[in-house]
Amino acid sequence: MLNGLGLSPPHNCARYIGDGREEVLSGLGRVGGECGLTPTSLQISVPPSASAQNKPSRPALMAPAMLVLPRSSWVPLVRRGAFGVRSIRQAHGSGDTACSQKMPPYTNYHAERNYPMPDEPFCSELSPQQRALKEKEKGSWKQLTEAEKVALFREKPITLSEDWKSKQLQRVLDMKGNPIQGLASRWDYARKEWKK
Amino acid sequence: MPYPMQLGFQDATSPIMEELMYFHDHTLMIVFLISSLVLYVLILMLTTKLTHTSTMDAQEVETIWTIMPAVILVLIALPSLRILYMMDEIYNPYLTVKAMGHQWYWSYEYTDYEELAFDSYMIPTQDLAPGQLRLLEVDNRVVLPMELPIRMLISSEDVLHAWAVPSLGLKADAIPGRLNQATLTSTRPGIYYGQCSEICGSNHSFMPIVLEMSTLKYFENWSHMMQSSL
């Protein structure tokens with residue numbers, strides 16, 4: 001997650017871009033034998049090149065982290081559809097039944113407990129600049145610049161910017177939110193200022 | 001909607017919520033009195049060098065501090081039961097709206113006069129217009145006429161959810177296979193927000209409820225417009 005600084009990521013952490021394909025792909029036969037898991041009845045669609053060359057079947061949509069981690073950790077996620085980009089309505093179809101496929105997160109955050117292995121995988125090998133930043137993180141955080149903070153952690157949502165907060169306050173006052181004892185009751189609408 | 005540094009409830013929009021606020025004030029006052037009394041006695045006990053080791057029995061004070069809590073509990077229970085029964089009164093609702101919970105959105109059906117049904121999804125943060133509230137805005141609000149009693153029938157299509165709007169004092173579980181009824185009367189127009197209140201999966205925090213209470217004429221125009229465009 002150190003891309004914000006413009007540092008080039010290490011070679012085995014290249015950015016993964018999903019292409020929105022619907023099918024969940026996994027090399028079930030080989031994986032099942034390897035991990036002792038029972039194969040499910042998911043639709044398998046193996047790219048023709050792989051089968052033509054008789055290579056072991058792999059998921060066509062792979063995050064680079066999958067090369068590093070053991071298969072047993074990410075195959076259950078592949079089975080449950082954690083890979084691939086889909087919109088909420090697509091995943092639900094007509095909304096009749098609960099869908100067991102993973103949904104993309106609603107927020108801008110990329111690190112979420114309920115959406116593991118996001119599109120930007122966590123890196124285990126750091127470049128020298130990234131390592132220097134991690135050392136700097138061990139000191140006082142007041143010395144980190146804004147860009148470094150974003151590189152280390154996630155960004156604050158846009159709704160916490162001053163501009164947005166003032167527009168939001170104006171909107172709440174316009175719709176007279178809580179006019180009896182709450183926020184709008186403390187605003188003087190005639191003089192357009194806070195009541196003294 | 002909630003506002004920064006809020007300490008108490010959101011302002012009441014329905015008469016039931018006003019009653020609940022009075023009841024809460026009454027009960028909280030009792031709680032503060034008891035707590036401050038206990039704290040005071042505790043501090044007295046801990047800050048004295050006097051000792052008294054020969055107490056055998058104290059029938060009088062024991063009687064008092066058995067009867068007094070019973071009286072206090074009755075004083076709390078009577079208003080509580082009164083409001084409980086008041087919440088269940090049905091007084092000729094003008095309209096019935098069905099709110100169905102799904103994973104992870106609400107769908108509303110106005111089937112009294114026309115067949116109007118629509119889904120209400122949260123607007124993701126990146127799609128918000130400047131000034132909108134994060135994680136609270138939806139694409140299709142539930143428009144309702146104000147100052148009229150409205151019956152809400154709440155249920156779910158898959159897992160447990162709960163339909164809650166704090167400023168109206170409403171919360172009802174959405175249980176699959178069951179209809180829960182709540183009556184809604186708003187005394188003023190405005191936009192009122194609520195959120196799903198029963199854990200229902202990964203996007204449980206992201207399925208809000210937005211009610212837009214307006215005049216009857218606006219409501220009729222809106223429902224006609226929604227009906228023809230959906």
Side-chain angles (χ1 to χ4, degrees), chain A residues 77 80-82 86-110 112-116 118 154-187 194, chain B residues 1-13 17-18 21 100-107 117 119 121-137 139 156-159 166-167 176 187-193 200-208 212-214:
Chain A
L77 287 169
R80 268 184 242 128
R86 51 181 68 79
S87 73
I88 299 120
R89 287 177 204 256
Q90 251 182 331
H92 280 295
S94 60
D96 285 324
T97 55
C99 196
S100 60
Q101 289 178 325
K102 277 276 186 227
M103 309 226 314
Y106 265 99
T107 63
N108 277 333
Y109 302 160
H110 292 287
E112 280 187 83
R113 285 178 85 174
N114 60 339
Y115 190 67
R154 51 177 177 249
E155 287 183 23
K156 287 205 283 193
I158 190 174
T159 53
L160 291 176
S161 62
E162 286 304 321
D163 183 49
W164 197 289
K165 283 202 282 196
S166 63
K167 290 203 174 93
Q168 196 169 288
L169 178 62
Q170 183 60 51
R171 179 166 179 261
V172 171
L173 291 174
D174 286 343
M175 66 163 96
K176 295 213 170 86
N178 296 301
I180 303 160
Q181 288 179 315
L183 194 61
S185 69
R186 297 186 224 139
W187 177 258
W194 292 110
Chain B
M1 71 288 314
Y3 50 91
M5 309 292 278
Q6 177 181 340
L7 282 181
F9 293 120
Q10 298 175 24
D11 280 352
T13 310
M17 188 59 199
E18 288 172 30
M21 286 174 85
M100 307 296 294
H102 306 253
Q103 280 182 314
W104 285 277
Y105 61 99
W106 292 94
S107 67
D119 296 339
Y121 280 82
M122 184 189 88
I123 299 181
T125 308
Q126 58 258 33
D127 295 343
L128 286 173
Q132 285 188 315
L133 301 166
R134 186 175 69 99
L135 306 186
L136 278 178
E137 304 284 354
D139 49 7
S156 163
E157 297 273 8
D158 38 42
V159 298
S167 21
T187 52
R188 45 191 173 88
I191 303 181
Y192 304 106
Y193 294 89
C200 51
S202 60
N203 286 339
H204 156 70
S205 328
F206 307 122
M207 44 185 292
E212 191 176 325
M213 312 297 300
S214 50

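Naming convention: chains lettered A, B, ... in sequence-line order (proteins, then strands); numbering from 1 in each chain.
Atom CD of Gln126(B) is separated from atom CD1 of Ile158(A) by 10.0 Å, given to the nearest 0.5 angstrom. Distance check: Ile180(A) CD1 to Thr13(B) OG1 gives 7.0 Å after rounding to the nearest 0.5 Å. Once rounded to the nearest 0.5 Å, the distance linking CH2 of Trp164(A) with CZ of Arg134(B) reads 10.5 Å.
The shortest distance between side-chain heavy atoms of Met175(A) and Met1(B) falls below 4.5 Å. For the pair Arg171(A)/Leu133(B), a side-chain contact is recorded, criterion being any heavy-atom separation below 4.5 Å from C-beta on. In this structure, the side chains of Gln181(A) and Phe9(B) stay at 4.5 Å or more apart for every pair of heavy atoms.
Using a distance-only test at 3.5 Å, with no hydrogens or angles considered, a donor-acceptor pair links the side chain of Asn178(A) to the main chain of Asp11(B).
Taking Gly131(B), Pro130(B), Pro4(B), Pro189(B) one by one and counting their heavy-atom pairs under 4.5 Å with chain A, the maximum is reached by Gly131(B). Of the listed residues Gly177(A), Gly182(A), Ser166(A), the one with more heavy-atom pairs under 4.5 angstrom with chain B than any other is Gly182(A). Of the listed residues (Lys167(A), Lys165(A), Gln170(A)), the one with the most heavy-atom contacts under 4.5 Å to chain B is Lys167(A).
Residue Leu128(B) touches chain A through both its backbone and its side chain, counting heavy-atom pairs closer than 4.5 Å.
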